[in-house]
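Contents: one structure, followed by commentary.
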Amino acid sequence: MFERLAAFSHRHRWRALSLWVAAVIGVTAVAGLVGSDYHNDFSLPGTDSQSARTLLEEHGAAQAGDVVQIVLKDGSGVEGARDRVEPMLDEVAGLPGVTDVRSPYEDRAAVSEDGTIAYATVTLDGTSREVAKEDVRKVIDTAESVAGDGLEASVGGDAVREAEEGGGGPAEGAGILGALVILVFLFGSLVAASLPVVTALFAVGGSIGLIALASHLANVADFTPPIMMLVGLGVGIDYALLIFSRYRGELLKGVTPEQATRTALDAAGRTVFFAGCTVIIALMGLVALGIGSLQGVALAVALTVLVTMLASLTLLPALLGVFGKRIHRHVMERAAKRERRNRPPEGARWRRWAERVQRRPWAALLLSVVALGALAAPASGLRLGFADAGNDAESTTSRQAYDLLAEGFGPGFNGPLVIVADGGGRPAAERLQNALAETPGIAAASPPIPAEDSSVATVMAFPDSAPQAEATSDLVAALRGDVLPALERETGAEFLVGGSTAATEDFAHTVADRMPLFVAIVVGLSALLLLLVFRSVLIPLKAALLNLVSIGAALGVITLVFQHGWFGVEPGPIEAFIPVMIFAIVFGLSMDYEVFLLSRIHEEWERTKNPEAAVREGLAATGKVITAAAAIMIVVFAAFILSPDRMLQQFGLGLAVAILLDALVIRCLIVPAAMQLLGRRAWWLPAWLRTLLPKMELERRAT
């Protein structure tokens, strides 16, 4: 099938190119007309925080809608700026998306003790994901218009942070440029180097439009497009490189460009197809988490990988048909120049490296495992959560408002706990306020705020600690585990802990609780695929264990940098969905290299039945390509560290570190050492299982 597909695309190259161009332009045009409907949905039915929000919405409480704060600071006292502030607040009250504005001059509690800092509460007509960003930006612009003459004005809140979010910045361009430079050094030709990049750009371009359209049908988070571009660029260049490298190898054998294309697709194309399916399976494992936004992200990224795989199998052969003669001439000239200079044949260095590892397999294995274990150790203390305005850039209005509120009212003011009392009337709500005020870790508790239904009331509890602090997490646990259950027995009312801080805790715990099932599904299905392809019991087990080690090491590095604040990074919790997303993506990508290396080792094993020679020749044939592909992935992923978004920085660093460790430590050290120690047992399969399993051929042609 792959050979016929390659032959068709090669012979009808202009038709194939035209179809791809038309498809990308058409999808992009339709997406531009229809628009996108990205939105975040981190609701978790059955959790305390979600039940609190639902209860408030049902009973018409004002706290059901999101709020933003207009924070003011004047060294001589905010009272002196009243004649400027009040007209501004009146203007804000008339803006679209705003239902109510509460002036600090009407509420003494909204003014700091020294009178220099105050805040106005702006109630929106929906949640931060429901209110248009344009409406929030109007609130920001109107509020900041009064700044000057000693008066500072900034705006904070989740809706403001979302309105200020930018894209990946220079990340995509830097990643593409770095990948192109590596490819030029690898192939020595700009034309040859451009083909994998062009293939990836076509795939990503088509995927962007498809995902924008899919956002109308599924719950796709607004942070999906940059993640999709990050994965699409890396995978697209990677897959095209694997095929192109096989194509180049066939040219060196003296075959025609068309036959080289057909052979490359029939051999490496199978590897790409299998690798792409593995990545998609790993991403689909996220569906098992049952979290709406993550399911949407998984579907979107899986769609991107699918389109990328199709581009590698259909668009790349067409491009090889267009530029095949130029590439063929360059490849042969470079090979002749190499021969004239008496350079060793390609793969000789990797063959010698494999021989060194095979001479001391235990040393290579133990040192590598210890190093990876040391990197993974910090991940045992990984704390999940979500970044808040305290992690934003100091130039943003949300960070400025966050700092001013903490300065004037204490760190816990930025993450109040919304305690909902259902039943018991006002006496129960007042008893709740008193109990909260006496609870260690709570700086203050507001008077009960009744809903339209008098049976429901809300008390705002302000912790002593910042929203991201571990002490705040412990406080939420103490309230739910000890303080509130005792009050329920005393008053007969039901108490629920809600608010953004509590919702973050619920989301993190849900992800952690469902993680084992997710890992079991991904590892189990991937191991089953490897069992079918390589017809070995130990190969899938080894691959799964090594991938888990590399992912653990990557999470350990993320923990050190972002949670402990290494290299000057603002410390804070790791985004709650980062570990599962990195696991799904890296596990799939790691299988790419595993399949590419083992398929060549397996090919030699089938031909010679010599396990030591099979490892040497497999690494000699694939070492250069794997390291080049990994270098490209690392450059593309690491470029996203340049992004202003903390979540993208974590993604970029985690993926780059995981691929680096996978390509250099695991594929170049641990795999050769483990295969040497296993010997013939690496390909052991019980006879009864051999008869049951269908035979799948990954590569039909010998190298």
Do the side chains of T304 and T308 get nearer than 4.5 Å, heavy atoms only? yes
May I ask you to decide if I539's main-chain N or O and S536's side chain share a donor-acceptor pair within less than 3.5 Å? yes
Just by modelled atom types, is the L384 backbone N or O under 3.5 Å from a matching donor or acceptor in the E575 side chain? no
According to the salt bridge (charged side-chain N to carboxylate O under 4.0 Å, His left out) rule, which pairs have a member within residues 538-564, sequence neighbours left out? K542-E594
Heavy atoms, side chains only, cut-off 4.5 Å: are L375 and V557 in contact? yes
Closest approach of A364 to S368 (non-hydrogen atoms, all atoms of both residues): O-OG, 2.7 Å
Mind checking salt bridge (Lys or Arg N to Asp or Glu O under 4.0 Å) for D662 and listing every partner two or more places apart, or none if nothing turns up? R667
Out of curiosity, L242 CG to I626 CD1, how far, rounded to the nearest 0.5 Å? 8.0 Å
Side chains of residues 668-681: which donor-acceptor pairs under 3.5 Å do they make with residues two or more places apart or in other chains?
residue	atom	partner	partner atom	Å
Q676	OE1	Q358	NE2	3.2
R680	NH2	K609	O	2.9
R681	NE	L678	O	3.2
R681	NH2	L677	O	2.9

Within the distance-only criterion (no hydrogens, no angle test), does the side chain of Q650 pair as donor or acceptor with the backbone N or O of I558 below 3.5 angstrom? no
Of all the heavy-atom pairs spanning A466 and T472, show the shortest one and how long it is. O-OG1, 2.5 Å
Give me the atom names and distance for the closest heavy-atom approach of L685 to V537. CD1-CG2, 3.8 Å
Supply the atom-to-atom distance Y402 OH to N414 CG, rounded to the nearest 0.5 angstrom. 5.0 Å
What donor-acceptor contacts under 3.5 angstrom involve side-chain atoms of residues 503-512, with partners at least two apart or in another chain?
residue	atom	partner	partner atom	Å
T504	OG1	S500	O	3.0
E505	OE1	S473	OG	3.4
E505	OE2	S473	OG	2.6
D506	OD1	R480	NH1	2.6
D506	OD1	R480	NH2	3.4
D506	OD2	S49	N	3.0
D506	OD2	S49	OG	2.6
D506	OD2	R480	NH2	3.1
H509	ND1	E505	O	3.2
T510	OG1	D506	O	2.8

Are side-chain heavy atoms of F562 and L653 found at a separation under 4.5 Å? yes
Could you point out which residue of L436, L417, V483 forms a side chain to side chain contact (heavy atoms under 4.5 Å, CB included) with I442? L436
Side chain R383, main chain Q468, donor-acceptor under 3.5 Å: yes
Do F518 and F583 have ring centroids that are under 6.0 Å from one another? yes
Find out whether Q400 and D403 are in side-chain contact, i.e. whether some heavy atom of one side chain is under 4.5 Å from a heavy atom of the other. no
Is the side chain of T627 donor-acceptor paired with the backbone N or O of K624 at a distance under 3.5 Å, no angle test? yes
Under the rule for side-chain hydrogen bond (donor to acceptor under 3.5 Å, both in side chains), what residues qualify as partners of E488, not counting sequence neighbours? none
Of all heavy-atom pairs linking G552 and A379, the shortest is O-CB, 4.0 Å
Determine whether L404 and F409 make a side-chain contact, defined as any pair of heavy atoms from C-beta on separated by less than 4.5 Å. no
Salt bridge (Lys or Arg N to Asp or Glu O under 4.0 Å) partners for R646, two or more places apart: none
Report yes if some heavy atom in the side chain of F495 is under 4.5 Å from a heavy atom in the side chain of V420; otherwise report no. no
Identify the two heavy atoms, one from A656 and one from A638, that lie closest to each other, and give their separation to 0.1 Å. CB-N, 4.0 Å
H602 vs F534 aromatic rings, parallel, tilted or perpendicular, using cut-offs 30° and 60°? perpendicular
Under the side-chain contact (heavy atoms from CB on, under 4.5 Å) criterion, do L496 and I419 qualify, and how do the steps go? CA-CA 6 Å; L496 302 170; I419 318 297; over 6 Å; no
